[in-house]
S.K.: 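This structure is in structure tokens; I'll ask about it shortly.
Reckoned from all heavy atoms, side chains included, excluding hydrogens, waters and symmetry mates.
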Amino acid sequence: MAKQITTFIANQPGALAEYCRILRDAGVDMRAMNVSDAMDFGIVRAIVDDTEKARDVLEKAGSVCQIGDVLVIEVADRPGALVELLTILGRAGVNLDYTYALFSRHEGTAGFVIKTDSRSKAESALKEAGIRLIPEEEL
């Protein structure tokens, strides 16, 4: 299990650059990021090397942040690996709230971040299938 920081930002030009600049200036390294919009604001979900520090600097800059748990999964970097992963989760009855890719980590592997309300069910299905969950300390 890993920690993800969710931040609400203005839906306007330059807002994402400012978000990234705040993290850079604080020495926070990003491992994964997903951005979506909700009309008047953007939602940034990120995995970083220091979640608490990221929250502190973003909140000091006026952002609203939330930290939550997600699963980070490692699969082979080849065609069909994501289909296999999603099939395993679907057969186990795991519904995904959302998913996004992890920045490249190791040659030959890919990583995915998933959020589900069935975390224990997802963990069990993935373990049974021999799929590796990436621990937070390896991100």
Side-chain angles (χ1 to χ4, degrees):
M1 184 170 39
K3 297 292 182 192
Q4 166 189 270
I5 185 165
T6 301
T7 309
F8 299 93
I9 64 172
N11 191 359
Q12 63 188 32
L16 185 58
E18 180 60 20
Y19 169 90
C20 292
R21 192 175 356 271
I22 291 166
L23 294 181
R24 179 202 64 195
D25 291 351
V28 175
D29 193 20
M30 208 175 307
R31 307 292 193 228
M33 180 176 67
N34 173 275
V35 182
S36 58
D37 72 334
M39 298 297 273
D40 296 333
F41 58 92
I43 302 169
V44 181
R45 293 180 174 102
I47 306 289
V48 297
D49 67 338
D50 190 335
T51 310
E52 296 296 328
K53 184 176 185 180
R55 179 177 55 189
D56 290 346
V57 298
L58 289 165
E59 286 181 345
K60 283 179 185 168
S63 295
V64 175
C65 303
Q66 177 183 357
I67 294 176
D69 295 326
V70 292
L71 296 176
V72 182
I73 302 160
E74 184 175 76
V75 297
D77 185 10
R78 61 170 172 70
L82 181 57
V83 172
E84 293 166 9
L85 169 66
L86 296 174
T87 300
I88 290 164
L89 293 171
R91 286 185 180 149
V94 174
N95 188 46
L96 300 179
D97 296 332
Y98 54 82
T99 184
Y100 56 97
L102 192 65
F103 295 156
S104 180
R105 295 176 12 86
H106 302 111
E107 180 88 23
T109 65
F112 293 94
V113 177
I114 66 167
K115 173 71 169 79
T116 178
D117 62 359
S118 305
R119 191 174 70 232
S120 63
K121 195 187 301 186
E123 288 174 330
S124 294
L126 295 169
K127 183 178 180 180
E128 185 177 307
I131 294 177
R132 183 173 182 267
L133 294 173
I134 303 169
E136 188 169 34
E137 59 273 7
E138 289 184 29
L139 294 173

S.K.: Identify whether the distance between the nearest side-chain nitrogen and carboxylate oxygen of R119 and D117 falls below 4.0 Å.
M.R.: no
S.K.: Just verifying a value: how many Å separate C65 SG and R55 CZ, rounded to the nearest 0.5 Å?
M.R.: 8.0 Å
S.K.: Given I134, which partner from the list L102, I73, V113, T109 fulfils the side-chain contact (heavy atoms from CB on, under 4.5 Å) test?
M.R.: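 Among L102, I73, V113, T109, the one that satisfies the side-chain contact (heavy atoms from CB on, under 4.5 Å) with I134 is L102.
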S.K.: Considering only residues two or more places apart or on different chains, which pairs with a residue in residues 39-50 satisfy salt bridge (charged side-chain N to carboxylate O under 4.0 Å, His left out)?
M.R.: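 Residue pairs with at least one partner in residues 39-50: there are none.
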S.K.: Are any non-hydrogen side-chain atoms of I5 and I47 less than 4.5 angstrom apart?
M.R.: no
S.K.: Under a 4.5 Å cut-off applied to non-hydrogen side-chain atoms, are L85 and L126 in contact?
M.R.: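 Heavy-atom side-chain distance check passes, below 4.5 Å.
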S.K.: Hey, does the side chain of Q66 reach the backbone of T7 with a donor-acceptor pair shorter than 3.5 angstrom?
M.R.: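 Not confirmed, Q66 side chain does not pair with T7 backbone.
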S.K.: For A2 and V72, work out which heavy atoms get closest and say how close.
M.R.: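 Minimum heavy-atom separation between A2 and V72: CB-CG2, 3.7 Å.
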S.K.: Is the shortest distance from a Lys or Arg side-chain nitrogen in E84 or R78 to a carboxylate oxygen in the other one below 4.0 Å?
M.R.: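 A salt bridge links E84 with R78.
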S.K.: Considering only heavy atoms from C-beta outward, does the side chain of L82 approach that of V75 to under 4.5 Å?
M.R.: no
S.K.: Can you tell me if T116 uses its side chain to pair, donor with acceptor, with the backbone of S118 under 3.5 Å?
M.R.: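 At least one qualifying donor-acceptor pair exists.
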S.K.: Minimum heavy-atom separation for A46 and Y100, please, with both atom names.
M.R.: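 Heavy atoms only, the tightest pair is N-OH, 4.0 Å.
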S.K.: Please examine the side chains of N34 and V44, heavy atoms only from C-beta on, and report whether any two atoms are closer than 4.5 Å.
M.R.: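 Result no, sub-4.5 Å side-chain heavy-atom pair not found.
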S.K.: Report yes if some heavy atom in the side chain of R24 is under 4.5 Å from a heavy atom in the side chain of I22; otherwise report no.
M.R.: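 SC-SC contact between R24 and I22 ruled out.
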S.K.: Nearest 0.5 Å, what's the NZ-CG distance between K53 and L58?
M.R.: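 It is 12.0 Å, given to the nearest 0.5 Å.
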S.K.: Going through the distances and angles, do V35 and I43 end up as a side-chain contact (heavy atoms from CB on, under 4.5 Å)?
M.R.: CA-CA 6 Å; V35 182; I43 302 169; over 6 Å; no
S.K.: Just grab all the ring pair (Phe, Tyr, Trp, His ring centres under 6.0 Å) pairs involving residues 32-53, residues at least two apart or on different chains.
M.R.: F8-F41
S.K.: Kindly work out whether a path of hydrophobic side-chain contacts (I/L/V/M/F/W/Y, heavy atoms less than 4.5 Å apart) joins L96 to I88.
M.R.: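 Yes; tracing contacts between hydrophobic side chains, which count when under 4.5 Å, links both residues.
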S.K.: Which heavy atom of A15 sits nearest a heavy atom of A10, and at what distance?
M.R.: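 Taking every non-hydrogen atom into account, CB-O, 3.2 Å.
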S.K.: Are I114 and M1 connected, step by step, through hydrophobic side chains (Ile, Leu, Val, Met, Phe, Trp, Tyr) whose heavy atoms are closer than 4.5 Å?
M.R.: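 No, it is not one cluster - the side chains of I114 and M1 are not joined through contacts under 4.5 Å.
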S.K.: Roughly how far apart are N95 CG and L89 CG, rounded to 0.5 Å?
M.R.: 10.0 Å
S.K.: Between L23 and V48, what is the shortest heavy-atom contact and its length?
M.R.: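 That closest heavy-atom pairing would be CD1-CG1, 4.4 Å.
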S.K.: How many angstroms lie between CZ in R31 and CD in E136, if you round to the nearest 0.5 Å?
M.R.: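 The CZ atom of R31 sits 10.5 Å away from the CD atom of E136.
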S.K.: Are L133 and K127 side-chain neighbours, meaning at least one heavy-atom pair lies under 4.5 Å?
M.R.: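 No. Closest side-chain heavy atoms not under 4.5 Å.
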S.K.: Quick check: closest heavy atoms across C20 and M33, and the distance to 0.1 Å?
M.R.: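 Of all heavy-atom pairs spanning C20 and M33, the closest is SG-SD, 4.5 Å.
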S.K.: Does the salt bridge (charged side-chain N to carboxylate O under 4.0 Å, His left out) test come out yes or no for E138 and R132, once each step is laid out?
M.R.: CA-CA 12 Å; E138 289 184 29; R132 183 173 182 267; 2.3 Å; yes
S.K.: Would you say the side-chain atoms of T87 pair up with the backbone N or O of V83, donor to acceptor, closer than 3.5 Å?
M.R.: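 Judged by distance alone, yes, a pair lies under 3.5 Å.
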S.K.: Quick check: closest heavy atoms across K115 and D69, and the distance to 0.1 Å?
M.R.: CD-O, 3.6 Å
S.K.: Which residues pass the ring pair (Phe, Tyr, Trp, His ring centres under 6.0 Å) test with Y98, not counting sequence neighbours?
M.R.: none
